[in-house]
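Small disclaimer: the values here were computed from a predicted structure and weren't measured.
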Amino acid sequence: MDEPRSDLMPAASLWRIWPWAACLLPLLVVLCYPRSYEQGIVYVLGVVLVPCFGILGVLPRWVLRKRGHQVVPIVVAPLLVLHWWCWVIVLLTLDSSGDISTPSLLDTLTAGKLTPGLNLLFGQCAFIVGVGTWLMSLIFSLFVRPQRGGSPRRQWTVIVVSLVAPIMLLVTAVFVTPLVVDQRKDSTGETLAVAMNRPIEEQAEIFRTRYDEAQSALAVVRAAIQPSADWKAWDMQPLDGDTSCSSYGAECYRFQVAFALNRQVTQAEMKMLHQSLEKQGWEVSVGSAGFTAVLADGERVTVSPREGDITRVEYTSQSWWGDHEKLFELAWTNNSPEEDHQYAEDEWPPL
């Protein structure tokens, strides 16, 4: 086949690079997968996946060549370059968690400014955009006509803009998004930046105080049902925060505490209790065997009869910013409440 004309050389250079990039980028993603238990599996699957991605990557080029193209069409060039950038971003956002935890290259480059959720979000966006640009390249390759001439300056402009714009957008997003997230407020109105800048020991002390506050809130409900020492600790556990904060990809937590009473609460007692909560501003939903009361800040109380003449009373707190893994390790020691110990309505297991 004849060499492309000199005025098409920029697009011809991209054409020559295409098969190399299509094969090497997936290979780099596999080879640079972070050290983890999944690494060996990824290497084994890579033997199949890398050739598959390479073939899919050059498929639009094969279609273009069959239709008489010798260079990358000007409408396909930016899609192609953006697709390659998506592979790079996926590579940068790869991380691992669990017993072997490895931060992503992007997190390392930003000195730990990215939360795991934001890092995952960038990787997911890169994957979606990468698939979209590949599909658009394939569609255009089926319809665009071979390029017979053109301005080298225009071609270089398109290629350079395609190379520079995504990296500028990524850098802006990486450094601006955490600043925006830092100003997000938890259910108490505290920003992430203020909460996470505290020393971890101070966060742990606040963690303990909030645990007692959660227990105090449930104690009010328990006292309204039966003010006696007949309560058994059922469940005392800290949880990840609800979607009001965890959706931003930052660390947050809440408490869920529950007690059991060794008798069934009567319908009259149930009605009196949920009416009392309604007067205090709780939104109550009555079910066939109990009720759930919710406040706007995420607090929740559930009273539900169980089999064996037991009534379970549960309180779920609002959510707060905090590195829950470190806080649990520092402050949480009472994972298994005493099964046979009975508590008064205003008593609970300590941390």
May I ask you to check whether Tyr315 and Phe259 place their ring centres under 6.0 Å from each other?
-> no

Distance-minimising heavy-atom pair for Leu277 and Ala293 = CD1-CB, 3.9 Å

Distance, nearest 0.5 Å, that separates CG of Asp346 from CH2 of Trp231 = 12.0 Å

Does Gln226 reach the side chain of Thr311, with side-chain heavy atoms less than 4.5 Å apart?
-> no

Aromatic rings Tyr253 and Phe207: how do their planes relate, parallel, tilted or perpendicular, breaks at 30° and 60°?
-> tilted

Please name the pair of heavy atoms, one in Val58 and one in Ala22, separated by the smallest distance, quoted to 0.1 Å.
-> CG1-CB, 3.6 Å

Heavy-atom distance under 4.5 Å between the side chains of Ser276 and Trp282, does that happen here?
-> no

Does Glu283 CD have over 12 foreign heavy atoms under 6.0 Å away?
-> no

Can you tell me how far CG of Leu64 sits from CG of Leu142, rounded to the nearest 0.5 angstrom?
-> 8.5 Å

Side chains of Trp15 and His69: does their closest heavy-atom pair fall under 4.5 Å?
-> yes

Give a yes or no on this: more than 12 heavy atoms of other residues, nucleotides or ligands lie within 6.0 Å of atom CZ of Phe291.
-> yes

Please step through side chain to side chain contact (heavy atoms under 4.5 Å, CB included) for the pair Val313 and Leu261, ending with a clear verdict.
-> CA-CA 8 Å; Val313 183; Leu261 183 64; 5.9 Å; no

Heavy-atom distance under 4.5 Å between the side chains of Asp230 and Arg263, does that happen here?
-> no

For the atom pair CD (Glu314) and OG1 (Thr292), what is the distance rounded to the nearest 0.5 Å?
-> 8.5 Å

Minimum side-chain heavy-atom gap Leu121-Cys125 below 4.5 Å | yes

Please check if any side-chain donor atom of Glu213 sits under 3.5 Å from a side-chain acceptor atom of Thr209, or the reverse.
-> no

Smallest separation among heavy atoms of Pro349 and Gln215, with atom names | CD-NE2, 4.3 Å

Rounded to the nearest 0.5 Å, how far apart are OG of Ser319 and CZ of Arg210?
-> 10.0 Å

Would a 4.5 Å heavy-atom cut-off, applied to side chains only, mark Val257 and Trp348 as touching?
-> no

Going by heavy atoms in the side chains, are Ser141 and Arg67 under 4.5 Å from each other?
-> no

Parallel, tilted or perpendicular for Trp87 and Phe53, by the 30°/60° rule?
-> perpendicular

Closest approach of Arg254 to Gln318 (non-hydrogen atoms, all atoms of both residues) = CB-O, 3.3 Å

Spacing of CG belonging to Leu80 relative to CG belonging to Leu82, to within rounding of 0.5 Å | 9.5 Å

Provide the closest heavy-atom pair for Leu25 versus Val88 in the form atom of the first, atom of the second, distance.
-> CD2-CG2, 4.2 Å

Of the non-hydrogen atoms in Ala195 and Glu190, which two are nearest, and what is the gap between them?
-> CB-OE1, 3.5 Å

Within 6.0 Å of CZ in Arg208, more than 12 heavy atoms from elsewhere = yes

Hey, does Leu14 have a side-chain heavy atom less than 4.5 Å from the side chain of Val81?
-> yes

Gln203 side chain to Arg198 backbone, donor-acceptor under 3.5 Å | yes

Could you give the distance from CD (Glu202) to CD1 (Ile206), rounded to the nearest 0.5 Å?
-> 5.0 Å

Can Gln342 and Asn262 be said to form a side chain to side chain contact (heavy atoms under 4.5 Å, CB included), step by step?
-> CA-CA 10 Å; Gln342 292 187 321; Asn262 287 325; 3.9 Å; yes

Taking it one step at a time, do Ile167 and Leu163 satisfy side chain to side chain contact (heavy atoms under 4.5 Å, CB included)?
-> CA-CA 7 Å; Ile167 193 62; Leu163 285 169; over 6 Å; no

